[in-house]
Amino acid sequence: MSLSTISRVLIANRGEIAVRVVRACAELGIETVAVFSEPDREALHVRLATMAIPIGPANPSESYLNGEKLIRLGLEAGCDAVHPGYGFLSENADFARAVTNSGMVWIGPSPEAIEAMGSKTGARTIMEAAGVPVVPGTLGPSKDFEALAAKANDIGFPIMLKASAGGGGKGMRLVQSMDELERAWDAARSEAAKSFGDDTVYLEKAIICPRHVEVQVLADTHGNVIHLHERDCSVQRRHQKVIEETPCPVLQEDTRQAMCAVAVQAAKAVDYVGAGTVEFLLGDDGSFYFLEMNTRLQVEHPITEMVTGVDLAKAQIWVAMGHPLKWSQEDIEVTGHAMEFRIYAEDPSAGFLPAPGLIQVYREPCGPWIRVDSGVYAGFEVPIHYDPMIAKLVIWGRTRDECIERSDRALREYRIVGIKTPIAFFRHVLKNEEFRSGVYNTSFVTRELLDEVKGEQNPELAAVVAAIAQYRSDHAPKAKGKAAEAESMWKKDARFRGVRRWS
Amino acid sequence: MSLSTISRVLIANRGEIAVRVVRACAELGIETVAVFSEPDREALHVRLATMAIPIGPANPSESYLNGEKLIRLGLEAGCDAVHPGYGFLSENADFARAVTNSGMVWIGPSPEAIEAMGSKTGARTIMEAAGVPVVPGTLGPSKDFEALAAKANDIGFPIMLKASAGGGGKGMRLVQSMDELERAWDAARSEAAKSFGDDTVYLEKAIICPRHVEVQVLADTHGNVIHLHERDCSVQRRHQKVIEETPCPVLQEDTRQAMCAVAVQAAKAVDYVGAGTVEFLLGDDGSFYFLEMNTRLQVEHPITEMVTGVDLAKAQIWVAMGHPLKWSQEDIEVTGHAMEFRIYAEDPSAGFLPAPGLIQVYREPCGPWIRVDSGVYAGFEVPIHYDPMIAKLVIWGRTRDECIERSDRALREYRIVGIKTPIAFFRHVLKNEEFRSGVYNTSFVTRELLDEVKGEQNPELAAVVAAIAQYRSDHAPKAKGKAAEAESMWKKDARFRGVRRWS
Amino acid sequence: MTYEVTLGDTVFSVSVEATAEGYLVGVDGKEPHQVDFRELDQKVWSLLMGGRSYEVGLQQDGEEWSIDVYGVSHQVSAVDPRRKALRLAGGSDQGLLKTAMPGRVVRLLVAEGDSVAKGQPIIVVEAMKMENEMKAPTDGVIKNIRVEEGQAVEAGAALILVE
Amino acid sequence: MTYEVTLGDTVFSVSVEATAEGYLVGVDGKEPHQVDFRELDQKVWSLLMGGRSYEVGLQQDGEEWSIDVYGVSHQVSAVDPRRKALRLAGGSDQGLLKTAMPGRVVRLLVAEGDSVAKGQPIIVVEAMKMENEMKAPTDGVIKNIRVEEGQAVEAGAALILVE
């Protein structure tokens, strides 16, 4: 098999994952072409890429989801490959096919593999045929509400509605009773359409309080498939992961081996190429159910990188060129423990409601074994149009305990002013006995934890700060309204700093 | 042996190493007390520590070198231990003794070990007695210029003048001929006095173009001593390290083992406790000479941390409490390759002249396997009074090649405006064939490399930027002088960003 | 100067006096402390108080100060009691539905004149691919709908009045 | 508007015209390009030009612009040629020793009236624990010493005049 040249990559994405791809390419000496919608002109991926091209208005369907335009712009810019990131068009087989047909290299699995695994219902069939247990539920996705309601009645509530093309909790709804079904169905379809351009939804029996464990696989075009062990993603809110860790603290070694073997088997079943993730629900008794396979780089891939030393984004590009994998299964060793904290622009104390806005102050934690994959900076306005995840804090420790204590240290250093984030909430999770023990499940993020966060206030300190701030505001030299005062105070201080230089 | 409680640590230092100690303590649940001189009120270590206390005027002898005051303030603040960092009082046996006598725990080796190894000439004697080869030179340090000149004549030029209490290139001078000796002697003594509070200087034969290789050791109070392999520190300017890497790319395995064994032997010879470094000169033929032992945490300790997974700063505190080491020699494995780039406030194109000043913009590189240990931030004024090192960029790669390509990527992302730094110079070093081959020595940083850096300009781009900037300045709405114009332009843009939010 | 400082249900009386080194601040009549208060980044302040070092985020938010202490936010107002009398009492807005989340109105589930029960979903606002179904704050009749489908709304914007 | 832009020995003629999307910029009579020029952080600008993305640091430095391109600094002046005639030619300062490094004068090695040879050390300035021995810029007599021992000096400050 001949090798493909990749010298300039179109990145069909935005945010931190676009930045991640820019970095991987830069290390390989490959140029990158960023695309940006109107509100993203000043986004970090635009700043860091070699080239940057406007792609259209804010609405994703007119910009990051416009496959035809992406391909045209990629060709015009002289790209020889396309990296889709995650979300948007990353699991769209038609786009993958169009990219390949355009003569550019698609950095991902074949359209056939995406189709086989991308349809959650199709993947269930394949896995059932291979003897892997799956969650009971409907097999054929339906656009007919009456049929769906009948099926829900058959299986019995609670049921879970899921977007057929989905992932990341989008288009997903837990439904407790028939009363709620129609509204949930509308909402799930509407979200699914916006997120994936496909409003097909299916249902399955809701398994309450399982653990969510997934296996990273990596495959080349020469038939080699390896796994890079598991990740535990059980800390979720609104069916979306918020903290991930590896290794899974409760997984028995024999279950780990069985799960990893199944994941490799799943990848081989569809001639998988590139980085992929096989997701499972893990029961208390060590039984596990196939959930779905994500046929792209996963948000939480960095924790696997931290414990294995393998750069997954670079490996994707390497195998897309047609090279054989640099490592055999025996080369993959897990050292230490890693956790990822997803920094969302959202307010945990208001039910994790999105909180987009202007980031006034942004200072990342630094120092040993701290990694931040971010798409933002101070002065950037987080747009209302896209996913609320602005950064990922990734921590490595020699042991799980060290990883926890280092995470707490890093979260204390993380300074974001202007938008709400779950940083303080995460510090609470780290103090929680259930989390520290490692024995928790997907129902872990409860109301009690959120109440504790509110209780952590330091009212006397805040009162002192407010009183001083008000005093400064009241005594500012020229009163032109509060905002102008704050601004002028700041400039005075800045000038003072300048003057003081030679004192 | 009973354990000591450490619950609040006085950090007798400033800059990035004070921040490093704050982080280590935070992860161990230990409070920290920062001290700050007048220009350091807003320094990063003050921001991050639990407590912060003014220590005196800018002049180090009245602040960070004032041992008596440090101990008094530490006791008043309720500290039960003192961490000295590196430089300042870290290798001052009298200070170590005074700390111990005050009832606080000294986080470092015993005063006796510091004395034995801290005096470079004394250490030479110990090592010679142990049969380890040392560089030929004078044995007794002298304050008598005539005696020194006579000795220099005996040994023959070139000779190297070195501060007896020294380290880090301070108080060090290469002298080519008798003409230069007196001025060099004055300068070396003056620098030594300022840096270490001791103007004793000795001389030895200058070994031209060796490699500088050192071994990290770690010892506890129970007699256990382990090594954490070597670091190569041959890329230097003005006898000061600028880039370090581990493993040493040219070290043969048998030499590595011999060198590490000698290092452990050296530590055992003085009943060493804590983290220490044994420095060697390495010849082309694999022969090596003992240079000195640094009885404290070394600037470049992070590269050892990156390849071994051991947190050396935390290990120091752990053994200072009286615990046995957590690891035996067999637990220490080296994975991958790491490099450190010292970010100095200095101008490589002006002979690495110090360039203190106000940091206007400061953005660190991020992403996989990038670590920045920094003492600064945007808006901080780098004082003229202290060491010019403001940060350390530390990179890990699975191989040396990956480490190099990742380093280049990180240096491109590193954005510092307001002061000069060697960032562009480092990117040149990374492109240099000699460096890439791994076969280089301490004479590596040559005039030619610096000329290349100047050649890397992009004049046409700069011309376009200057013309647009001038145009904006000339057409700014209200002309109140250039500075005010720039400021008002900025605010206009900021407001524009605010307004655009809902478009 | 002494301020009446309010955080949720808690009220402090805080005296502030400027000094050469910073501010002398007393809380609820206790002995005043010296506070060293420095602006670092544009909206981050360093406080040294009683030997302890704090970093706080500070933004003015209407009549309140929004203060971030290590990721935990505090909404605080500091009022000179002598001026307090001048303030007008705000009207009750119990039946007014406001959005905490900025975003876009995707669906109106009611029309003016409809009767609604407290807790009944009446409008859907979307941001960042998430739909937020908002419920009637009280039993009553839809008096006034202040937004239309597709409209962008800022945080705090009034959407629907139920009476 | 067309500027005469000077970088060391290189001179460009650069035309600039404001447009709705940014600036139309032409260099040395070549066809003008559209340049999208946005301020990000306070002194960092993002440029999109010919499809390529650049980040540059920009500071005004007297009559010049100090421009940082990925760590490489450029000192550039952009002058409207019509105004150029108004400028006065500066006097020669060949014999004037200036310090590039800010710091503190630690030792004067000469007195006014001394004869010195070019390259002879005449003053020592220190910053960040490093002593910088500075040499006579030309043969001559020490005409004027403008600093004293212990004095702090800024970057660019004149120290000693040799004539």
Side-chain angles (χ1 to χ4, degrees), chain B residues 170 183 187 190-191 194-195 238 345-347 349-350 353-357 360-361 363 378 383-388 411-412 414-418 420-421 423-427 453-454 456-471 473-475 482-483 486 489-490 493-494, chain D residues 1 3 5 7-8 10 12 14-18 22-23 25 27 33 35 37-39 41-45 47 49 54-60 64-74 76-80 100-104 106-107 121 124 126-133 152 155:
Chain B
K170 296 294 172 199
R183 238 183 4 256
S190 164
E191 259 183 41
K194 271 186 200 101
S195 299
R238 253 192 284 123
E346 64 181 22
D347 187 354
S349 67
L353 217 53
Q360 307 258 11
V361 173
R363 186 176 158 81
I384 62 164
H385 315 282
Y386 311 112
D387 192 89
L411 288 162
R412 183 179 187 273
Y414 213 143
R415 201 78 62 246
I416 301 179
V417 178
K420 297 257 194 334
T421 72
I423 287 173
F425 169 72
F426 288 145
R427 295 188 73 196
V453 176
K454 287 192 190 164
E456 266 293 287
Q457 290 198 325
N458 189 334
E460 192 162 332
L461 178 66
V464 167
V465 172
I468 295 175
Q470 192 67 47
Y471 181 92
S473 175
D474 293 345
H475 294 77
K482 311 266 159 154
M489 280 195 308
W490 173 72
D493 264 37
Chain D
M1 174 76 76
Y3 292 98
V5 181
L7 255 108
T10 315
F12 296 94
V14 184
S15 65
V16 181
E17 191 186 318
Y23 300 91
V25 181
V27 178
H33 277 282
V35 179
F37 190 76
R38 303 271 188 111
E39 179 141 12
D41 291 325
Q42 207 170 331
K43 293 200 162 57
V44 171
W45 296 76
L47 255 80
M49 182 166 63
Y54 300 96
E55 235 180 82
V56 297
L58 178 60
Q59 289 176 276
Q60 197 158 26
E64 295 200 316
W65 296 93
S66 177
I67 295 165
D68 175 277
V69 183
Y70 302 109
V72 180
S73 75
H74 303 70
V76 193
S77 71
V79 179
D80 179 351
M101 175 180 86
R104 199 170 290 273
V106 284
R107 271 190 304 283
V124 182
E126 181 217 55
M128 300 180 133
K129 300 193 286 175
M130 183 195 150
E131 298 200 343
N132 185 31
E133 196 180 72

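Residue numbering restarts at 1 for every chain, and letters A, B, ... go by the order of the sequence lines.
A distance of 4.5 Å separates CH2 in D:Trp65 from OG in B:Ser473, rounded to the nearest 0.5 Å. Atoms OG and CD, from D:Ser73 and B:Gln457 in turn, are 7.0 Å apart once rounded to the nearest 0.5 Å. Put simply, CZ on B:Arg415 and OH on D:Tyr70 are 6.0 Å apart, with the number rounded to the nearest 0.5 Å.
Contact count versus chain B (heavy atoms, under 4.5 Å) is highest, among D:His33, D:Glu17, D:Gln59, for D:Gln59. For the options D:Glu126, D:Met101, D:His74, heavy-atom pairs under 4.5 Å to chain B are most numerous at D:His74. When the candidates B:Arg363, B:Arg412, B:Glu346 are compared by the number of heavy-atom contacts under 4.5 Å with chain D, B:Arg412 comes out ahead. With chain D as partner, the option from B:Leu461, B:Asn458, B:Ile468, B:Leu353 having the largest number of non-hydrogen pairs under 4.5 angstrom is B:Ile468. Chain B forms more heavy-atom pairs under 4.5 Å with one residue of D:Ala100, D:Gly57, D:Ala127, D:Gly8 than with any other, namely D:Ala127. Ranked by heavy-atom pairs shorter than 4.5 Å toward chain B, the options D:Asp68, D:Val106, D:Val25 are led by D:Val25. Put simply, of B:Thr421, B:Ile423, B:Asp387, B:Ile416, the one with the most heavy-atom pairs under 4.5 Å next to chain D is B:Asp387. When each of D:Thr10, D:Val69, D:Val44 is scored by its heavy-atom pairs under 4.5 Å with chain B, the top score falls to D:Val44.
Residue B:Ala378 does not touch chain D at all, counting heavy-atom pairs closer than 4.5 Å. When heavy atoms are compared at a cutoff of 4.5 Å, D:Tyr3 approaches chain B solely by way of its side chain, counted from C-beta outward. In this structure, the portions of B:Glu460 lying under 4.5 Å from any heavy atom of chain D include both its backbone and its side chain. Proximity to chain B is absent for every atom of D:Val124, based on heavy atoms less than 4.5 angstrom apart. For D:Val27, the part sitting under 4.5 Å from any heavy atom of chain B is the side chain, from C-beta outward, and nothing else.
Between B:Pro459 and D:Leu7 the shortest heavy-atom distance is O-CD1, 3.6 Å. Scanning all heavy atoms of the two residues, the minimum distance from B:His475 to D:Met1 falls at CE1-CE, 3.8 Å.
No donor-acceptor pair closer than 3.5 Å links the side chain of B:Tyr414 to the backbone N or O of D:Gly71.
B:Tyr386 meets the ring-ring contact (aromatic ring centres under 6.0 Å, His included) test with B:Tyr64; sequence neighbours excluded. The side chain to side chain donor-acceptor pair (under 3.5 Å) search around B:Tyr471 returns none, not counting sequence neighbours.
A salt bridge does not link D:Glu133 to D:Arg107: none of the charged side-chain nitrogens sits closer than 4.0 Å to a carboxylate oxygen.
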